[in-house]
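To keep things clear, I will list the structure first and then write my remarks on it.
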Amino acid sequence: MGSLIPFLDLNLLPDPTTTINTATICPKIEPKLEPYDEPPPLQPPQQTFFPDPNPSFFSNSQSTPFPDPDPNSPSQPPELSSEENNVYSEFYRISELFRSAFAKRMQRYGDVDVLDPDSRAIVPVSEENRVSTVVVARRRSQRSAELVRVTDLGIEDQRYFRDVVRRTRMVYDSLRIFSMMEDDKRRGMGISRRTRGDLRAASVMRDRGLWLNRDKRIVGSIPGVYIGDLFFFRMELCVIGLHGQAQAGIDYLPASQSSNGEPIATSIIVSGGYEDDEDAGDVIIYTGHGGQDKFNRQCFHQKLEGGNLALERSMHYGIELRVIRGIKYEGSVSGKVYVYDGLYKILDSWFDVGKSGFGVYKYKLLRIEGQPDMGSSILKFAANLRARPLTARPMGYICLDISMKKENVPVFLFNDIDSDHDPMYYDYLTRTVFPPFAFHQGGNGTGCDCVSGCTDDCLCAMKNGGEFAYDQNGILLRGKPVIFECGTFCRCPPSCRNRVSQKGVRNRLEVFRSRETGWGVRSLDLIQAGAFICEYAGVVLTRDQAAVFTMNGDTLVYPNRFTDRWAEWGDLSQIYSDYVRPTYPSIPPLDFAMDVSRMRNVACYISHSSSPNVLVQFVLYDHNNLLFPHLMLFAMENIPPLRELSLDYGVADEWTGKLPICN
DNA sequence: GCTAACTCATAATA
DNA sequence: CTATTATGAGTTAG
């Protein structure tokens, strides 16, 4: 069971500038009995911002706008330009600001009866607490001022939160895509501009209280969000609670809501919008916000307020910060991808003159050690790997295409653990082999006549219940019991949007040796949520044939054992109370097995997980026999390059190898 | 490359 | 003290 550590009071946090003992942290004060004349035990930080020239705060570079006083003529203040004068007066203003914040803190101090040192202890999360952390019932509720840190999540908790996050993101994506498709439909009827699906989806979800992590402000990592997770829209970060600011790069608990009157930063986005940022991965020189005009030019001095002050305070207290990077990415819907890169600490901050000659606040951030590799560096590494696999990883590649050019893209085989080459010794099968009689049953020959491309009311749309299963980009909109793609019996061109899975693998996949799972599969490309990955291919056996094979100890896969994860995809029951999961086109229980003992494809090496990132969707295209659908695999979330793919094979939690395969 | 249209959270004001 | 308004922080899609 995980824990929420309340940041009950920032006053309880170690102050790096004072000696810490319980007495100073938690003085017992009875304000009504004793006049409050003694100086409060907490001192203002030695490291004040200004105007004291503190070397750690003011850059020691020569570019500081504050020329050192000339030692030879100490009585002569240096000549200041009007610009420098402005900076000075700004500093005095901020100085006042901090002084008043500090005074407020001292005032509050008098109100505190007894600060219980035990209140810093780990508080177990009750079921009630856990739900309230994630699911916010109140509509349009404001963000909470309660600062907490979530620690010690057990496996069960992690899985729970992961599922909540994935479900939320799935709803977000569904709403976004449906919203855009609605606009496209209306576009023919005079509406020219599309409303922004990313904003619409967020707004609908906010109205229904589906935004996560609003009733607590989480410092540190967000439950259910892993390092390396990818997002295509800024609003999605808000919906998850990873970063609560629609536009600003610094998210923070404002001073007005903080327990000690000082603001605390919780997350930042490094998206390259500031010319003075220097991003070296583990170390970032981050520029505060402000000072820019509409065209992103620095044109006046930044102020030490809002997020900038919060970063400084976070540094002072040594509080960690979530870092999200916004990276240009071809092939993303928005041309950009946001990567969660983990937690950083702020080591230093100073005022500097930026490239355009205006004052900027700078913060030196260092990534906390012991975290998984950064998502952004994995993205870079994967790009190298795609371009020159043997240069990027000289050791470990056994085969550069186990499909022997049968797939559209090569399927790599990688093993840097032992000498096992097993996957090379199977014939590669790109598609499932059905028995000939499967093609002669089940209403063959029904296809559409859409020579110039399928329309929303064509026969094949009707076969799917009046709608196509994919959007224009080939993204699965909603899981169904079975999908009829256009196929052999249709007159539509190969470019028809209802032909997605039959076109085969588009991502460069890699079978790799893993200590945990034996063999596993990962992609060198980012796989967008809802995208087709590959077929689960094998040689189909009827029940009788399978019985014989089982006796021979051969390896069989039973398609009916896969969990109905398709039903989760596009499930909008949280939005519409009358939502029902699709039951059409219906499909009878599957009564066949697949032999993968001699011929198989890459899917066979995908590992099991009860919290998977890949789902099975049944699809028909080369025959209409409902008894023998193809098993097509689609991404259930944005899968970062090099992250292992996993399927819910539908057997109990414990790890027993490739689960649906029985010997 | 440019521009319209939009967002949230917080501070300030009524 | 609460409700409203103002401000400022960038992204997305055409």
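Quick note: numbers below take in every heavy atom, side chains included, and nothing from hydrogens, waters or symmetry partners. Letters A, B, ... are given to chains in the order of the sequence lines, protein chains preceding strands, and every chain is numbered from 1.
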Look at the side chain of [X] and decide which nucleotide, out of [options], has an atom nearest to it.
X        : options               : answer
A:Arg214 : C:dA13, C:dT11, B:dA9 : B:dA9
A:Met235 : B:dA9, B:dT7, C:dT12  : B:dT7
A:Gln257 : C:dA13, B:dT10, B:dT7 : B:dT10
A:Leu199 : C:dG10, C:dA13, B:dT7 : B:dT7
A:Lys336 : B:dA9, C:dT11, C:dA13 : C:dT11

Grab the [atom1]-[atom2] distance between [X] and [N] for me, whole Å please.
X        : N      : atom1 : atom2 : answer
A:His243 : B:dA9  : NE2   : C1'   : 11 Å
A:Asp277 : C:dG10 : CG    : P     : 11 Å
A:Phe232 : C:dT12 : CZ    : P     : 11 Å
A:Gln298 : C:dA9  : CD    : C1'   : 13 Å
A:Arg206 : B:dC6  : CZ    : C1'   : 14 Å
A:Ile324 : C:dT11 : CD1   : P     : 12 Å
A:Arg143 : B:dA9  : CZ    : C1'   : 7 Å
A:Gln245 : C:dT7  : CD    : C1'   : 13 Å

Give one of base, sugar-phosphate or nothing for A:Gly307, where a contact means two heavy atoms less than 4.0 Å apart.
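Since no nucleic acid heavy atom lies under 4.0 Å of A:Gly307, the category is nothing.
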Which part of the nucleic acid does A:Gly197 contact within heavy-atom distance under 4.0 Å: base, sugar-phosphate only, or nothing?
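No contact.
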Report yes or no: is there a donor-acceptor pair, N or O only, under 3.5 Å between the side chain of A:Arg196 and the base of B:dT7?
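Between B:dT7 and A:Arg196, which were checked side chain against base, a qualifying N/O pair under 3.5 Å is absent.
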Quick check: any donor-acceptor pair below 3.5 Å linking the side-chain of A:Gln247 to the base of B:dT7?
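Pair found.
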Between A:Ser523 and A:Asn507, do the side chains contain an N or O donor and an N or O acceptor separated by less than 3.5 Å?
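No, no side-chain donor-acceptor pair sits under 3.5 Å.
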Of A:Arg322, A:Lys380, A:Arg325, the residue whose pairing with A:Asp341 passes salt bridge (charged side-chain N to carboxylate O under 4.0 Å, His left out):
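Testing A:Asp341 for a salt bridge (charged side-chain N to carboxylate O under 4.0 Å, His left out) against A:Arg322, A:Lys380, A:Arg325 leaves exactly one candidate, A:Arg325.
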Between A:Phe233 and A:Gly290, which is nearer to the 5' end of DNA chain C once each is assigned its nearest nucleotide?
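Upstream on the strand: A:Gly290.
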For A:Arg176 and for A:Tyr274, find the nucleotide of DNA chain C with the closest heavy atom, then tell me which residue's nucleotide is more 5'.
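Residue closer to the 5' terminus by nearest nucleotide: A:Tyr274.
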Any [X] side-chain nitrogen or oxygen under 4.0 Å from OP1 or OP2 of [N]:
X        : N      : result
A:Ser271 : C:dT11 : yes
A:Tyr338 : C:dT12 : yes
A:Ser256 : B:dA11 : yes

Any cation-pi pair here, A:Arg297 with A:Phe358, using under 6.0 Å and within 45°?
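So A:Arg297 doesn't make the cation-pi contact.
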Could you tell me whether the side chain of A:Arg176 reaches within less than 4.5 Å of the side chain of A:Arg200, counting heavy atoms only?
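No, side chains not in contact.
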Between A:Phe351 and A:Tyr361, does the ring centroid distance fall short of 6.0 Å?
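Yes, close enough.
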So that I can tick it off, tell me whether A:Arg143 and A:Asp251 are bridged by a salt bridge, with the cut-off set at under 4.0 angstrom between side-chain N and carboxylate O.
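Yes, A:Asp251 and A:Arg143 are salt-bridged.
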